[in-house]
Amino acid sequence: MDWPIVTNTRRSYVDNIWTGFQAFDVTAAQPLKGQNQLVFADQRLAVVYPIIQKFKKTISSDPLGVTKSWSPRQQLKIALAAIDFNGFKPSASTLDGFLDQLPDIAIFHANSNNLSGTLSPNIANLPYLYELDISNNQFLGPFPIAILGMNGLNILDIRFNFFIDQSHLKCSLKTTRRAFINNNNFMQRLPDNIGTSHVTYLTLANNRFFGPIPPSISKILSSLTEILLLNNLLSGCLPYELGFLNDAVVFDAGNNRLTGPFRSH
């Protein structure tokens, strides 16, 4: 049954904003006596409740029964700022209309599940998104390049999916420090503006990137400690500028078509 929603005029604040998938707690408040209405302590909580219920209807498999807790009989106590779906194996054909509609979401972890479909570019409009981990799922189609340019996104993990290029990557990793893009189906040249000095860890391994490694990499990715480019189709000489990556601990470009020695400055 879909319950009508009303809100209390008095706001309620809590310290704990982490919400796990197993103890989801993002369910509705008790209905008023004699009424089929749900009372929320805060208008922002009332906004996310129908979004969660709509997403629940898209879940075709829930082997651990975790969605049973998403019930109007439970009270919504905490703001939905973080979600942890890791390893609970729900199956859903899309995240559209769910993740991109959560106005306060800061952390979204949903790795090692059976989630699929394309990814909405509207995710880039989420003002507080700090960590996005949808690795080891079955997402496919073009990856929205607008997400790469998000302000505030610190960790991006989309590895082990089936994403392809939306177009040539013209948008750099604006504020992202750790980017896991390996094991997808990206096939293009490495862009000159692939990132900024904020990036410390970058893995593009096991894709189909081709062409030379941009000589500008030492300037635009000057803070890199680890970069993995192995198992692509990269070619040409190794740029001597790689020797200026002073903080680099690991550089792996094995199993490509590269030639020439690696020179340090």
Side-chain angles (χ1 to χ4, degrees), residues 106-109 111 123-124 126-136 143-161 163-265:
I107 298 173
F108 187 83
H109 291 176
N111 70 55
I123 292 172
L126 297 172
Y128 307 114
L129 190 60
Y130 183 78
E131 295 182 10
L132 176 60
D133 179 1
I134 55 172
S135 60
N136 197 21
F143 182 78
I145 59 174
I147 295 176
L148 300 179
M150 289 181 66
N151 287 313
L153 186 63
N154 188 269
I155 296 176
L156 174 65
D157 192 344
I158 61 171
R159 55 187 160 173
F160 295 101
N161 281 288
F163 287 117
I164 61 174
D165 313 284
Q166 182 179 39
S167 61
H168 290 299
L169 293 176
K170 298 178 181 178
C171 186
S172 66
L173 295 162
K174 195 168 185 180
T175 61
T176 303
R177 293 185 179 274
R178 300 175 67 84
F180 304 84
I181 305 176
N182 55 288
N183 294 84
N184 278 282
N185 292 323
F186 294 111
M187 186 175 183
Q188 66 163 80
R189 291 179 177 271
L190 291 180
D192 290 333
N193 64 335
I194 194 171
T196 68
S197 59
H198 296 284
V199 182
T200 60
Y201 184 97
L202 176 64
T203 172
L204 304 174
N206 301 308
N207 281 284
R208 299 177 184 177
F209 290 107
F210 60 88
I213 297 176
S216 58
I217 193 171
S218 64
K219 294 182 179 180
I220 61 177
L221 299 175
S222 58
S223 297
L224 270 178
T225 59
E226 186 166 340
I227 179 169
L228 304 179
L229 303 174
L230 64 155
N231 297 327
N232 280 285
L233 302 172
L234 299 173
S235 60
C237 294
L238 287 169
Y240 74 87
E241 288 88 352
L242 291 173
F244 293 102
L245 293 172
N246 296 323
D247 296 327
V249 177
V250 176
F251 172 83
D252 190 343
N255 198 22
N256 279 284
R257 301 170 181 175
L258 298 164
T259 60
F262 181 83
R263 301 177 183 178
S264 59
H265 68 283

Closest non-hydrogen atom pair between [X] and [Y], with its separation:
| X | Y | result |
| --- | --- | --- |
| Pro191 | Pro214 | O-CG, 3.7 Å |
| Pro215 | Pro239 | CA-CB, 4.0 Å |
| Met150 | Thr175 | O-OG1, 3.3 Å |
| Leu229 | Phe251 | CD1-CE1, 4.1 Å |

Nearest 0.5 Å, what's the [atom1]-[atom2] distance between [X] and [Y]?
| X | Y | atom1 | atom2 | result |
| --- | --- | --- | --- | --- |
| Phe180 | Asn136 | CZ | CG | 13.5 Å |
| Phe209 | Met187 | CZ | CE | 11.5 Å |
| Asn207 | Asn182 | CG | CG | 7.5 Å |

Pair Leu190-Leu204, side chain to side chain contact (heavy atoms under 4.5 Å, CB included): steps then yes or no:
CA-CA 10 Å; Leu190 291 180; Leu204 304 174; 3.6 Å; yes

Flag side-chain contact, heavy atom, 4.5 Å: [X] against [Y]:
| X | Y | value |
| --- | --- | --- |
| Arg189 | Phe210 | yes |
| Leu202 | Leu224 | yes |
| Arg159 | Thr203 | no |
| Leu233 | Arg257 | yes |
| Leu148 | Leu156 | yes |
| Ile164 | Asn184 | no |
| Arg178 | Thr200 | yes |
| Leu242 | Ile217 | yes |

Is a donor on one side and an acceptor on the other found under 3.5 Å between the side chain of [X] and the backbone of [Y]?
| X | Y | result |
| --- | --- | --- |
| Thr176 | Val199 | no |
| Asp133 | Ser135 | yes |
| Asn154 | Arg177 | no |

Ring-plane angle category for Phe186 and Phe163, please: parallel below 30°, perpendicular beyond 60°, tilted otherwise.
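Rings of Phe186 and Phe163: parallel, under 30°.
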
Applying side chain to side chain contact (heavy atoms under 4.5 Å, CB included), name anything that partners Asn256, two or more places apart in sequence or on another chain.
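Scan of Asn256 (side chain to side chain contact (heavy atoms under 4.5 Å, CB included), adjacent residues dropped) gives Asn232, Leu234, Ala253, Leu258.
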
Crowded around Tyr201 OH? As in, over 12 foreign heavy atoms under 6.0 Å?
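Atom OH in Tyr201 is crowded, with more than 12 foreign heavy atoms closer than 6.0 Å.
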
Who are the side-chain hydrogen bond (donor to acceptor under 3.5 Å, both in side chains) partners of Ser218, not counting sequence neighbours?
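None.
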
Looking only at side-chain N and O atoms, does Asn231 offer a donor or acceptor that is under 3.5 Å from a partner on Asn206?
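Per modelled atom types, Asn206 and Asn231 side chains form a pair under 3.5 Å.
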
